[in-house]
2 protein chains.
Amino acid sequence: MASKGMTTAAFFVLTALADQPRHGYGILREVEELSDGAVQLRVGTLYGVLDRLTADGMIVLDREEVHDGRLRRYYRLTDEGAQALDAEAERMAAGASAAKQRIAEGRKAPGAAANPTTGPGLAGGLA
Amino acid sequence: MASKGMTTAAFFVLTALADQPRHGYGILREVEELSDGAVQLRVGTLYGVLDRLTADGMIVLDREEVHDGRLRRYYRLTDEGAQALDAEAERMAAGASAAKQRIAEGRKAPGAAANPTTGPGLAGGLA
DNA sequence: CGATATATATCGGTTGCCGATATATCCTGG
DNA sequence: CCAGGATATATCGGCAACCGATATATATCG
């Protein structure tokens, strides 16, 4: 499936490519920008991720251009990649929501929870 | 710091411990339950994560109990762990939100985005 | 008595991130 | 004019982390 278990680096590369095709170095800058500087994708990480995502059919080489004598290799999201990104975003939102809810519960009752059986958790969050 | 870069496994272990102390095997079941079966934490992964989180001061050994001749080792979130979990949940929510927005943008204008300069992205999401 | 569930823990293989390094061009500052 | 930084690509080796397999031990069920 490849739809399960996506690394943070892969997630942000896909996100950077979600609105338009970009080249490697551009992805680096874009990821830092869209995460407000919180995520700094490393050069050494990028190309491994790019190769893996290409092999998994999540992205494809869109085109190659030359600017000022420097090659730019543009990558683009595939439909499968967009789908996987969407699913991963859903999972992340659900996980974040579940975590926040449980933190609130723990603060209300520090030592014993009201109803541990699944609780309000999420469960209906994705599905 | 340890506040940056948390693995998925660590995140879900902290989430499982957010409302009440649990023991290893209980965490395994709880993570699967709270993620609606989407995340299956492996036994081989668990103890490594537990040791790492303990070393980082995110969790502590709460108590040890014996049930039916079987030892149960309960772990509990520290204040630092709760704080880190909260911060990570925030980051995940922001990332998920940014991804969804960009997917929507890509569908509206497939080939050229309206305003690539940072865009509405998030930027104000965290901070 | 064997299988399954509970509950702990370790080990080795594989995957994946990251720092360092290499190559090449363009621009700016001294 | 040359050193340094930004742009832009790519590779390699070390290290961290996930996961399957395996081991040990007890209780229950068939």
Side-chain angles (χ1 to χ4, degrees), chain A residues 1-14 16-17 21-33 35 38-56 58-59 61-75 84 88 91 95 116, chain B residues 1-2 4-14 16-17 21-33 35 38-56 58-59 61-75 84 88 91 95:
Chain A
M1 282 304 137
S3 61
K4 54 167 21 186
M6 180 178 303
T7 63
T8 308
F11 173 78
F12 277 100
V13 169
L14 291 182
L17 294 177
R22 290 175 201 278
H23 63 279
Y25 204 80
I27 293 173
L28 245 44
R29 284 189 274 100
E30 185 62 19
V31 165
E32 185 167 0
E33 196 173 292
S35 72
V39 178
Q40 289 188 330
L41 193 60
R42 312 296 167 151
V43 190
T45 308
L46 179 66
Y47 296 96
V49 174
L50 248 28
D51 288 346
R52 218 176 316 129
L53 288 175
T54 301
D56 289 347
M58 300 295 177
I59 60 176
L61 182 62
D62 188 64
R63 67 188 187 275
E64 290 182 346
E65 288 178 9
V66 177
H67 285 252
D68 302 315
R70 286 183 285 265
L71 177 68
R72 287 184 182 174
R73 189 161 287 150
Y74 287 80
Y75 290 90
E88 182 69 12
R91 252 173 279 143
Chain B
M1 289 301 130
K4 53 166 25 188
M6 178 179 303
T7 63
T8 308
F11 173 78
F12 277 101
V13 168
L14 291 182
L17 293 177
R22 292 176 200 276
H23 64 280
Y25 204 80
I27 293 173
L28 245 43
R29 283 189 273 101
E30 186 62 19
V31 167
E32 187 167 358
E33 197 171 293
S35 71
V39 178
Q40 289 188 330
L41 193 61
R42 313 295 167 152
V43 190
T45 307
L46 179 66
Y47 295 97
V49 174
L50 247 28
D51 288 346
R52 218 176 318 129
L53 288 175
T54 300
D56 289 347
M58 299 296 176
I59 60 175
L61 182 62
D62 188 64
R63 66 187 189 277
E64 288 181 346
E65 288 178 7
V66 176
H67 286 252
D68 301 316
R70 287 184 285 264
L71 178 68
R72 287 184 182 176
R73 188 162 289 151
Y74 285 81
Y75 290 90
E88 182 71 10
R91 250 173 281 143

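Just so we're on the same page: letters track the sequence lines, and every chain starts at 1.
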task = Apply salt bridge (charged side-chain N to carboxylate O under 4.0 Å, His left out) to A:R70 and list each qualifying residue two or more places apart in sequence or on a separate chain.
result = none
Supply the atom-to-atom distance [X] [atom1] to [Y] [atom2], rounded to the nearest 0.5 angstrom.
X	Y	atom1	atom2	result
B:R22	B:Y74	CZ	OH	9.5 Å
A:M58	A:M6	CE	CE	5.5 Å
B:L14	B:Y75	CG	OH	13.0 Å
B:I27	B:I59	CD1	CD1	6.5 Å

note = Correct closest heavy-atom pair for B:G24 and B:L46 would be O-CD2, 3.4 Å
ask   = Where do A:V13 and A:V31 come nearest, in terms of heavy atoms and distance?
value = N-CG2, 4.4 Å
Whole-Å distance separating the [atom1] atom of [X] from the [atom2] atom of [N]:
X	N	atom1	atom2	answer
A:L46	D:dT11	CG	C1'	13 Å
A:L71	C:dC26	CG	P	13 Å
A:M6	C:dG16	CE	P	12 Å
A:R29	D:dG5	CZ	C1'	14 Å

ask   = Within the structure shown, what part of the strands sits under 4.0 Å from B:H23 by heavy-atom distance: base, sugar-phosphate, or nothing?
value = sugar-phosphate
query = How does each nucleotide of nucleotides 15-27 of chain D score, in 5' to 3' order, for protein heavy atoms under 4.0 Å: base (B), sugar-phosphate only (S), or none (-)?
reply = --SSBBB----BS
Dot-bracket summary - DNA chain D, pairs being Watson-Crick or G-U whose distances fall under 3.5 Å, with | when paired to another strand = ||||||||||||||||||||||||||||||
note = DNA chain C nearest-nucleotide lookup for B:G24 and A:H67: closer to the 5′ end is B:G24
message = Using the rule given for salt bridge (Lys or Arg N to Asp or Glu O under 4.0 Å), can you reason through B:R29 versus B:E32, listing the C-alpha separation, both sets of side-chain angles and the distance that settles it, and then say yes or no?
response = CA-CA 5 Å; B:R29 283 189 273 101; B:E32 187 167 358; over 6 Å; no
